Amino acid sequence: GAGVSQSPRYKVAKRGQDVALRCDPISGHVSLFWYQQALGQGPEFLTYFQNEAQLDKSGLPSDRFFAERPEGSVSTLKIQRTQQEDSAVYLCASSRTQGSSGANVLTFGAGSRLTVL
Amino acid sequence: TQLLEQSPQFLSIQEGENLTVYCNSSSVFSSLQWYRQEPGEGPVLLVTVVTGGEVKKLKRLTFQFGDARKDSSLHITAAQPGDTGLYLCAGRRGGTSYGKLTFGQGTILTVHP
């Protein structure tokens with residue numbers, strides 16, 4: 001597609017439920033990032049994939065968070081036994097290359113807003 | 001501890017006024033980006049600055065990267081209601097090969113007609 005697509009856009013979960021959030025990056029993009037954004041705050045890094053390889057998961061808050069990108073395209077962020085503090089917008093972003101130059105542009109999806117009751 | 005500190009956190013002004021948003025850090029960044037985010041959407045890139053002292057202009061927006069590449073500013077001239085949104089600075093450090101971005105906490109700008 002033309003942009004990064006995320007689903008569902010909104011998810012309400014009861015505390016203790018498991019949730020799965022999907023990201024469809026731009027076709028052919030090598031790099032994929034997941035970020036967590038609290039209301040009115042800046043995004044915080046969760047994890048990074050280069051193709052199917054998860055190269056950095058240093059930002060995942062706990063072992064309840066798990067991400068995968070098995071075929072190097074679609075990615076899923078799974079949160080087990082959700083807690084109220086997991087309520088946030090989860091943003092996915094992709095880029096064509098894996099470089100660190102300023103020219104490496106990230107395109108963000110609209111995010112999945114998770115509310116845990 | 002926030003690696004990138006943005007100020008002010010909230011800004012409410014009248015149409016036609018000028019404003020400046022600051023992004024400061026004690027760390028050096030290889031590049032710094034500014035994003036604008038509207039409610040229900042993801043951040044959209046406005047500009048990337050790479051060289052210390054660099055100044056870039058985008059219509060009524062002027063972006064500056066500090067000489068030491070530790071800070072940046074965004075200046076908006078004659079603000080309009082359409083400028084309303086969350087402004088985010090984000091920096092890349094040299095420690096990763098894949099360009100991990102670290103964001104500031106954002107500045108919520110409201111421009112009243």
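Computed from a prediction, not measured in an experiment: that's the story for all the values here. So that the names make sense, note that chain A is the first sequence line, chain B the second, and so on, each numbered from 1.
Between Tyr35(B) and Gln37(B), the side chains place no donor N or O within less than 3.5 Å of an acceptor N or O (distance only, hydrogens not considered).
Under a 3.5 Å cut-off, the side chain of Asn18(B) and the backbone N or O of Ala78(B) do form a donor-acceptor pair. The main-chain N or O of Asn24(B) is never found under 3.5 Å from a side-chain atom of Glu5(B) such that the two would form a donor-acceptor pair. Gln6(A) places a side-chain N or O within 3.5 Å of a backbone atom of Tyr90(A) that can act as its donor or acceptor partner. In this structure, Ser25(B) contributes its side chain and Asp71(B) its backbone to no donor-acceptor pair below 3.5 Å. Ser75(A) contributes a side-chain N or O that, together with a main-chain N or O of Glu68(A), makes up a donor-acceptor pair within less than 3.5 Å.
Listed by sequence position, Phe108(A), Gly109(A), Ala110(A) are the residues of residues 107-117 of chain A in contact with chain B, using a 4.5 angstrom heavy-atom cutoff.
The part of Gln9(B) that comes within reach of chain A is its side chain, from C-beta onward, which places non-hydrogen atoms under 4.5 angstrom from that chain. Interface remark: Phe10(B) contributes no atoms to any contact with chain A (heavy atom separation under 4.5 Å). Neither the backbone nor the side chain of Tyr10(A) comes within less than 4.5 Å of any heavy atom of chain B.
One distance of note links OG of Ser73(B) with CH2 of Trp34(B); it measures 7.0 Å at 0.5 Å rounding.
The candidate from Thr102(B), Leu101(B), Ile108(B) with the greatest count of non-hydrogen atom pairs under 4.5 Å with chain A is Leu101(B).
Using bins of under 30°, 30° to 60° and over 60° for the plane-to-plane angle, the ring pair Phe33(A)/Phe45(A) lands in the perpendicular bin.
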